[in-house]
Structures are given as C-alpha cells and as structure tokens.
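Atoms within a ligand are numbered from 1 in the order they appear, just like the ligands themselves. Side chains included, hydrogens not; waters and symmetry mates left out as well; all remaining heavy atoms used. Heads up: numbering here begins at 1 and tracks the sequence.
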Amino acid sequence: KQKPNYPPGPPADPLVGHLRVIPFENQDATFHAWAKEYGEYRTFLGKALGNHIVVLDSVEAANDLLEKRSAIYSDRPHILVFDMVGMNDIVLMPYGEAFRKHRKFVHSTITKRAITTFQPVQTKNARALALNLLENKNRHEMFFNMQVLYVSSLLTLSDPREFRFATSVITGILYGHQVVSEDDEYMKLMDHQSMIAVNLGQPGGALLDILPFLQHLPAWFPGTGPAIRAREWRPMFRRVYDYPYEQVEKKMVGAEGVAEDSILARVLAKFSTRNSVPEEEIEYVKLATGAMYRAAVETTWSTIAVLFMTMILYPECQKRAQEEIDRVIGSERLPEFEDKDSLPYTTALVHEVLRWHPVIPLAIPHRSVQDDVYKGMFIPKGTTILANVMGMALDEKTYKNPSIFNPSRFLPKPDGDDEPLFGSAFGFGRRICPGRHFALNSLWMLTATILATLDLSVGRDENGNLAPPPLEFNHTVSSRPKEFVCDVRARSRLSASLLSAQAT
Ligand code: HEM
C-alpha cells in the first residue's frame with residue numbers, strides 16, 4: 001500500500017517521532033525555522049508518539065484550513081489531565097452540540113456592540129492602575145518579579161497591580177466586582193488557575209494521554225504525580241465557576257435584591273425563581289462565564305507586560321504617541337473612548353504590541369475530525385493543528401523588518417506602510433477568541449491613559465545601574481517578559497492630580 005503524501009517535515013525517529021527534536025522552550029521559533037525549511041506552503045508535519053501534528057506557519061494556510069474548512073478543524077485535542085482537574089468549559093471543549101451552545105452565549109455577551117456598555121469599567125480601572133503605579137513607584141520592580149516555580153505547593157504568581165487591572169476589568173463586566181484590595185478573592189482564584197495550568201501542563205501531564213492507565217495506579221508508582229495532583233486540585237479549580245456565581249446570586253436574593261449590573265446579573269435576572277431553573281442550565285451559565293474569566297486575565301496581563309517592555313525599548317514610539325495624545329486631548333483631561341478615532345498612532349501602537357510579541361505564540365491547538373487533503377498533502381483525521389502565530393508575526397512578506405517594533409507600519413501611506421493589522425494573535429475560525437474586542441478596548445484605554453499621564457523609561461538595578469529589559473520571555477500559560485525594572489514618573493503635576501481626582 002502506498003504511503004499517503006503527508007506534509008513534509010524534519011526526519012523522525014521510528015518510535016517516538018519528533019519527540020526528541022521538539023524543544024520544550026521556544027517551540028514557535030523552532031517551528032518557524034522548520035516551516036521555512038520544509039514547508040512550501042508554510043505547513044509541515046510533526047509526529048510525537050503516534051500523534052500527527054501539523055504546524056501552520058502562514059496566515060494563508062491558517063485561513064484556508066481553520067477558517068474556510070472550519071467544519072473539519074474546530075475540535076480540540078483531548079488532554080486527560082485537564083479533564084481530570086475539571087476544566088470543562090468552552091476553551092477546551094470538543095466541537096459539537098455543547099460547544100455551539102456555550103459559544104453562542106459567550107459570543108453574544110461580548111460582541112463589539114454589547115461591550116460598549118462596559119467601557120466605564122475599563123476607563124475606571126485604567127486610571128486606577130496609572131495612579132497605583134505612580135503612588136507605588138519604587139515598588140514597580142515587584143511587578144515583573146514573578147517566576148513560575150514548578151512545584152506542587154501553592155505559590156502566588158501574581159504581581160498586585162497589573163494583575164489587579166487584568167482581573168478587575170473582567171470581573172467588573174462578568175460579575176460586577178471591582179477589585180479594591182490586593183487581598184482579593186477573585187485575584188486569588190486566578191493565581192490558583194495559573195498555578196494549576198502551569199503545573200499540569202508540564203510534559204508529565206501529557207504522559208497520561210499516552211499511558212492513561214497511570215491514572216489508576218497508586219501514588220508510589222512513577223509517573224502518577226500529575227493524575228494525583230489533578231484530583232487533589234479539582235475542588236480548588238472548581239471554585240472559579242462556583243464562587244462568582246454564589247456571590248452574585250447572594251446579592252440578588254439578599255436583603256437589597258440587587259447586584260451591580262453585569263453579564264451574570266443580567267442572566268440571573270431572567271430566571272424567575274432559582275428553583276424553576278434546571279441544574280444543567282445553572283451549570284452551563286457558571287461554566288460559560290467562568291471560561292471568559294479564566295481566559296481573560298493571564299492573556300491581558302502578559303500583553304500589558306509586553307507594552308511596558310516595548311515602551312522602554314522604543315522610547316521614540318512612546319514619545320510619538322504622547323505627542324499625538326497631547327495634540328488631540330491636551331493636558332487638562334484624561335483620554336476617553338470617544339478619542340479613539342482621533343488617535344490613530346496610539347491605536348496602531350496597541351496593535352503592534354499584539355504583533356511584536358503574541359502572548360499565546362502557538363494559539364490553542366485545534367484538532368481535525370476527518371481526513372483531509374490540502375494542496376495535495378494528506379492530513380489524517382485526529383491531527384493536532386498548531387497555528388504558529390509567532391511565525392506569522394515574523395512573516396517578512398507581510399511585515400517589513402518584522403522583529404522591529406514599529407506602530408506606523410499599520411498607518412496608511414504616506415505616513416505609514418499600510419501593512420495589515422495582526423488579527424492572528426486571537427486565533428482562527430470558530431475557535432477565534434470571543435474576547436478580542438473587549439481585550440483590545442481594555443488595552444487601548446490602558447495605553448492611552450498610561451501614556452497621557454506617565455513617562456516610562458529604563459529602570460535601575462539594585463546597584464543603581466541602568467538595567468534595560470532583556471529580550472527574554474517565560475513560557476508558561478502565556479509567554480511573558482522575564483523580570484525587568486521600569487522607571488515610572490508622572491509627566492506633569494497636573495497629570496498626577498488629574499489621576500488622583502478621577503481614579504476612584
Ligand atoms: C490580549 C488578550 C487576549 C489574547 C491575546 C487572547 C488570545 C486567544 C487565543 C489565541 C485563543 C485561541 C483561539 C484559537 O483556538 O484559534 C483564545 C481563545 C479564547 N479566549 Fe482569548 N485572548 C485574549 C483575551 C480574552 C478575553 C478578554 C476573553 C474574555 C472576555 C477571552 C476569552 C477567550 C475564550 C472563551 C476562548 C476560547 C474560545 C474557544 O475555544 O472557542 N480572551 N484567546
């Protein structure tokens with residue numbers, strides 16, 4: 001029997017496939033190099049322990065498959081250890097009836113139109129963050145001083161301030177909860193989420209999919225660690241769905257009978273009495289809102305770290321955005337969403353942050369549900385499809401000098417290069433990020449507010465020497481800049497007092 005014409009790829013080991021050549025760190029860089037070497041269509045095949053993996057390294061291939069053939073390519077690979085910990089929401093849900101129901105709900109609550117009502121939450125939190133940075137200036141180095149440690153005990157991964165912003169904007173719209181202290185339960189829940197995902201996502205966790213019987217063996221048996229931890233952490237993981245629901249429900253049936261306006265409160269208001277609603281319906285609402293909460297924080301937080309990094313490394317871009325803001329808004333007031341259309345460079349700067357370093361560099365894997373042929377290459381059913389978003393960002397055919405941070409690449413000629421915006425940072429097809437419009441708004445308001453009021457520059461290390469951020473990233477749940485220091489100053493006395501007056 002003739003071997004099918006699989007996509008090309010690097011030489012594989014007959015037993016373990018590419019397992020030994022696929023690195024654990026910076027996979028996107030290796031995949032990008034392989035795509036250039038092997039893939040005429042910027043796709044290539046990898047194999048690990050019997051599983052086929054196809055990496056798509058061009059926007060064209062990703063659109064052709066994940067978008068145009070979305071009926072085939074919208075499933076997710078099954079990851080046993082995440083299943084065991086109770087990750088049952090839309091993010092990893094298999095493609096099917098339940099997925100469609102969750103997707104409809106999630107997308108409808110945060111459409112471009114629906115989210116305009118939530119803009120005040122974003123504005124308020126952006127101002128609070130700018131003020132917080134200013135007031136706690138000498139503590140700023142703490143904020144990136146976060147290392148993920150691969151141990152089984154609970155470790156806090158969060159810095160108080162940017163993490164607080166990323167949490168508070170999403171809990172504000174989902175649950176009407178404004179984070180006001182660094183000892184906030186909603187922040188702790190997110191800490192636990194990151195800790196669980198990072199620890200279970202280690203290679204040991206993947207072993208369970210290859211040798212699933214390990215989950216039934218006693219704890220002393222080698223390789224059973226991830227299964228045991230998944231079971232142990234299940235109740236802690238579950239709280240991300242239950243806790244916010246209980247809080248909002250308590251407010252609605254409590255003495256006052258009202259909760260702050262939020263996506264969840266609007267849904268609960270439609271339930272006439274709790275007893276009349278089937279349990280499955282309540283579970284579905286908990287999971288659908290919990291999924292948005294889980295997916296929003298880490299991604300937004302890491303993107304903010306990239307924003308700070310680029311503003312230090314490319315001070316001329318920071319200055320140009322500040323000049324634009326000063327010209328349009330002046331220094332008597334703070335930015336509002338209505339200013340967005342008049343601030344094209346600032347908006348381009350936000351898009352360039354998302355392109356320059358996509359924080360989910362390989363998106364979330366898709367999986368094919370039937371055999372397919374693409375440009376003569378056979379892609380078998382059950383193949384894991386990775387969109388190499390980082391590879392796409394570095395495509396020289398689309399982006400001139402792609403490794404340089406240059407917001408004006410997106411501006412129309414003659415001011416800029418008229419290059420296309422980088423939507424790939426949010427994935428593709430029917431699994432595209434439903435929070436992308438909301439995320440863009442949060443990042444836009446934060447960027448405009450920070451640049452209107454603060455100057456960011458290279459910080460100093462403990463010996464007093466200037467310490468520019470190294471171009472290094474931690475690859476955990478998302479890809480985030482490694483620790484660096486940043487000098488934060490108010491641009492003027494007026495900007496400081498405007499913030500103090502309006503941040504609360
Ligand atoms: C800068 C911020 C963000 C980035 C870079 C980002 C990126 C992504 C990416 C790459 C995916 C996978 C898409 C795919 O499989 O093709 C995704 C999925 C998802 N995102 Fe986001 N995201 C961000 C913010 C948000 C926010 C604010 C929310 C909620 C309001 C959100 C909710 C989700 C959900 C629910 C999914 C799963 C969708 C599915 O599996 O069908 N994300 N995101």
Do any side-chain atoms of residues 305-312 form donor-acceptor pairs under 3.5 angstrom with protein atoms, and if so which ones, sequence neighbours left out?
{"unit_1": "Thr310", "atom_1": "OG1", "unit_2": "Val306", "atom_2": "O", "d": "3.1"}
{"unit_1": "Thr310", "atom_1": "OG1", "unit_2": "Leu307", "atom_2": "O", "d": "2.8"}

task = Enumerate the residue pairs fulfilling salt bridge (Lys or Arg N to Asp or Glu O under 4.0 Å) with a member in residues 418-446, sequence neighbours excluded, ordered by first and then second residue.
result =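 Every salt bridge (Lys or Arg N to Asp or Glu O under 4.0 Å) pair that includes a residue of residues 418-446, provided the two are not neighbours, is Arg409-Glu419.
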
Could you list which atoms of ligand 1 come closer than 4.0 Å to a heavy atom of [X]?
X      : result
Val91  : 37 (C), 40 (O)
His366 : 14 (C), 15 (O), 16 (O)
Ala425 : 5 (C), 7 (C), 10 (C)
Ile110 : 30 (C)
Phe99  : 41 (O)

Tell me whether the rings of [X] and [Y] are parallel (<30°), tilted (30 to 60°) or perpendicular (>60°).
X      : Y      : value
Tyr314 : Phe405 : tilted
Tyr175 : Tyr186 : tilted
Tyr95  : Phe99  : tilted

inquiry  = Return the OG to CG distance between Ser168 and Asp184, rounded to the nearest 0.5 Å.
reply    =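 Answer for the OG-CG pair, Ser168 versus Asp184, is 7.5 Å.
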
ask   = Among Leu92, Ile170, Leu174, Thr303, which one has a heavy atom closest to atom 1 (C) of ligand 1?
value = Thr303

ask   = Can you count the protein N, O or S atoms that lie less than 2.8 Å from atom 21 (Fe) of ligand 1?
value =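 For atom 21 (Fe) of ligand 1, protein nitrogen, oxygen or sulfur atoms under 2.8 Å: 1.
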
message = Which residues pass the salt bridge (charged side-chain N to carboxylate O under 4.0 Å, His left out) test with Arg367, not counting sequence neighbours?
response =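 Here the qualifying residues are Asp75.
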
Can you confirm whether the side chains of [X] and [Y] place a donor and an acceptor under 3.5 Å from each other?
X      : Y      : result
Ser342 : Asp339 : no
Ser479 : His357 : yes
Asp89  : Tyr241 : yes
His32  : Asp57  : yes

query = How does Arg103 reach ligand 1, by side chain, by backbone, by both or by neither, if only non-hydrogen atoms under 4.0 Å count?
reply = neither

query = Which residue supplies the protein heavy atom nearest to atom 29 (C) of ligand 1, what is that atom called, and how far is it?
reply =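 Protein heavy atom with the smallest distance to atom 29 (C) of ligand 1: Met292 O, 3.7 Å.
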
Heavy atom of the protein closest to atom 41 (O) of ligand 1 (residue, atom name, distance) =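 That would be Arg431 NE, 3.1 Å.
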
key: Heavy atom of Arg76, distance to ligand 1 below 4.0 Å   =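 Arg76: in contact with ligand 1 (<4.0 Å).
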
